[in-house]
Engineer: 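Here it is: the structure, laid out below.
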Amino acid sequence: MTSRFHSLFKRGDRTTAVIMGSGALALSRIVMMLVPFLTIPITIDYLGSERFGVWMAATSFIAIISLAEGGLANAMVTATSQAMAKNDSVRVQDLAGSAFAVVVPVSITISLVGWWVIPMVPWVEVLGVSSPIAAREAAPIVMVIVCSTALGFIVNVGIKLRAGLKQIPQTSAWDALATVCAIPCLLLAMELKLGTPWLVASMILLPTTIKGAGVLLFFATNSRFRPRFESASPKEALSFIKSGGVFFVVAATNAVAISSDQLLIAYLESAEAVSAYAIVQRLFTLPYVLANFIFAAQWPIFAEASARGDINYIRTAFERTFFLIVVLSFFLSVSLYFFLEPLLRLWIGDSIKLSYGLAEAMALYGILLTAVGACMNLLFSLDIRREQIVLSIGMATLNFPLSIFLISRVGSSGAVLATDIAYLLCMLVPYFFIIRNKLRPKPLHIS
């Protein structure tokens, strides 16, 4: 199977690779979207809106903790694709060895620090909880999330390496399997009357562990890509950290500007308010989730084409894809807005109070997120770093204080409005000019 996908690089059959990768990701994403839609109603009913809100607010720490990984896993996609464009499987082994040599100690350190620090944090004030049971569960919930995220650092290196090898169908299958396996564990935890931390472990820690098993199986059966730890060196590790710098900055600014929204809402309003925000946001990120299976499939293809200097192919493929996904996200976001109230009533009943200001801001957010995501993934594949760093910092600099100001004035919808404004002014408009310049048609040279 590995040689078959390796031959795609050799033949340059990019369209086939994109179709196969997109199709596999589409099936995987459908499964991964259906599971939350099935489990969220019964979870809210079991926990109540405040305990569920604590869970959702605590998930914000995933983005914050992920900063410790430094974007290294995402750097694997472009680096592996570039190595395979030169048919250099030894280089892939060296990359894997160096990446694991960096990320394993970081993962262990994060877990140990989490076990020491988390019990000392006043979670009642931080997450805005009022009930005694929610207060007792807050620290264990964060603990499970921290350990799951730290384990994910290691697992993601293997997953991204396989993505760089165009083995997206295989990793998608493991993603789907991991997500499905979480359902019986969640139901068992409810049947045994266990607390929220056990439910969090079922939905986050267990899937990460299953995907880790998939990575181990891949290396066990593919010796030509198995990590070579003896080749790991401080110089190679530093090179990897530098190449992952753009991903670190993007993750850091997203953590500050976007992922922190749920913590800000919990602190400035209440944990219960986070429930409504999180559920409505999950619906309006559907356009991005659906489009992302195309982005993820194109990333290694564009990276390989860039290594070969085939900018004309990248420009044509990106323009077609961008137009398609923006049009689809527009219609999907508008449709969700008009049918949001009956959809929520059908999905979770009357568990949350719907704010139309929140719905309107989220509809625009769904469109902007998809458009920005398409541009961002293109620049990742082209290994364009400086522009991404500058724009991401600018977005966060505007977004975070604006979120605090607007949340205090109009409630949770203010967080989304701040993101909409920052995305439009600091990212989408500048991306348009950057991409137009980077993908200028190159003249054909006839010898």
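This is a predicted model, so every value here is computed, not measured. The analysis underlying the following values was restricted to heavy atoms, covering all of them including side chains, and did not include hydrogens, waters or symmetry mates.
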Engineer: Atom OH of Y365 and atom OG1 of T370: how far apart are they, to the nearest 0.5 Å?
Structural biologist: 9.0 Å
Engineer: Classify the side-chain pair Y337/E360 by whether it contains a donor and acceptor separated by less than 3.5 Å.
Structural biologist: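 The answer is yes; a qualifying pair exists.
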Engineer: Looking at CD of Q93 and CG of L161, how far apart are the two atoms once the value is rounded to the nearest 0.5 Å?
Structural biologist: 10.0 Å
Engineer: Less than 4.5 Å apart, side chain to side chain, heavy atoms only: is that true for F338 and V334?
Structural biologist: yes
Engineer: Are any side-chain N or O atoms of S107 and backbone N or O atoms of A150, one a donor and one an acceptor, separated by less than 3.5 Å?
Structural biologist: yes
Engineer: Using every non-hydrogen atom in the two residues, find where Y431 and M376 come nearest and quote the distance to one decimal.
Structural biologist: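 Closest approach of Y431 to M376: OH-CE, 3.6 Å.
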Engineer: Backbone N or O of S131 within a donor-acceptor pair of the E50 side chain at under 3.5 Å?
Structural biologist: yes
Engineer: So, for F218 and F225, which heavy atoms are closest and what is the spacing to 0.1 Å?
Structural biologist: CZ-CD1, 3.9 Å
Engineer: So, for R162 and G214, which heavy atoms are closest and what is the spacing to 0.1 Å?
Structural biologist: NH1-O, 3.9 Å
Engineer: If only atom types and distance count, is the side chain of S333 paired as donor or acceptor with the main-chain N or O of F330 below 3.5 Å?
Structural biologist: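 No, the answer is negative, given that no donor and acceptor are paired below the 3.5 Å cut-off.
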Engineer: Determine whether W55 and I204 satisfy the following criterion, side-chain contact (heavy atoms from CB on, under 4.5 Å), listing intermediate values before the conclusion.
Structural biologist: CA-CA 11 Å; W55 178 355; I204 299 178; 4.2 Å; yes
Engineer: Locate the shortest heavy-atom distance separating F219 from R226; write the atom from each residue and the value.
Structural biologist: O-NE, 2.8 Å
Engineer: Pick out which of V416, T285, L336, L369 makes a side-chain contact (heavy atoms from CB on, under 4.5 Å) with M362.
Structural biologist: V416
Engineer: SG/C185 to CG/L206 distance, rounded to the nearest 0.5 angstrom?
Structural biologist: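 Those atoms lie 4.5 Å apart.
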Engineer: Quick one: which of L47, T43, D45 gives a side-chain contact (heavy atoms from CB on, under 4.5 Å) with M190?
Structural biologist: T43
Engineer: So how far is it from F284 CZ to L364 CG, rounded to the nearest 0.5 Å?
Structural biologist: 10.5 Å
Engineer: Can you check whether I389's main-chain N or O pairs, donor with acceptor, with S392's side chain at less than 3.5 Å?
Structural biologist: no
Engineer: Any donor-acceptor pair under 3.5 Å linking the side chain of N399 with the backbone of M395?
Structural biologist: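 Checked: no pair found.
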Engineer: Which heavy atom in A418 sits nearest to a heavy atom in L406, and how many Å separate them?
Structural biologist: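 Looks like N-CD1, 3.9 Å.
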Engineer: To the nearest 0.5 Å, tell me how far F302 CZ sits from L378 CG.
Structural biologist: 6.0 Å
Engineer: Can you measure from CG (L358) to CD1 (I279) and round to the nearest 0.5 angstrom?
Structural biologist: 11.0 Å
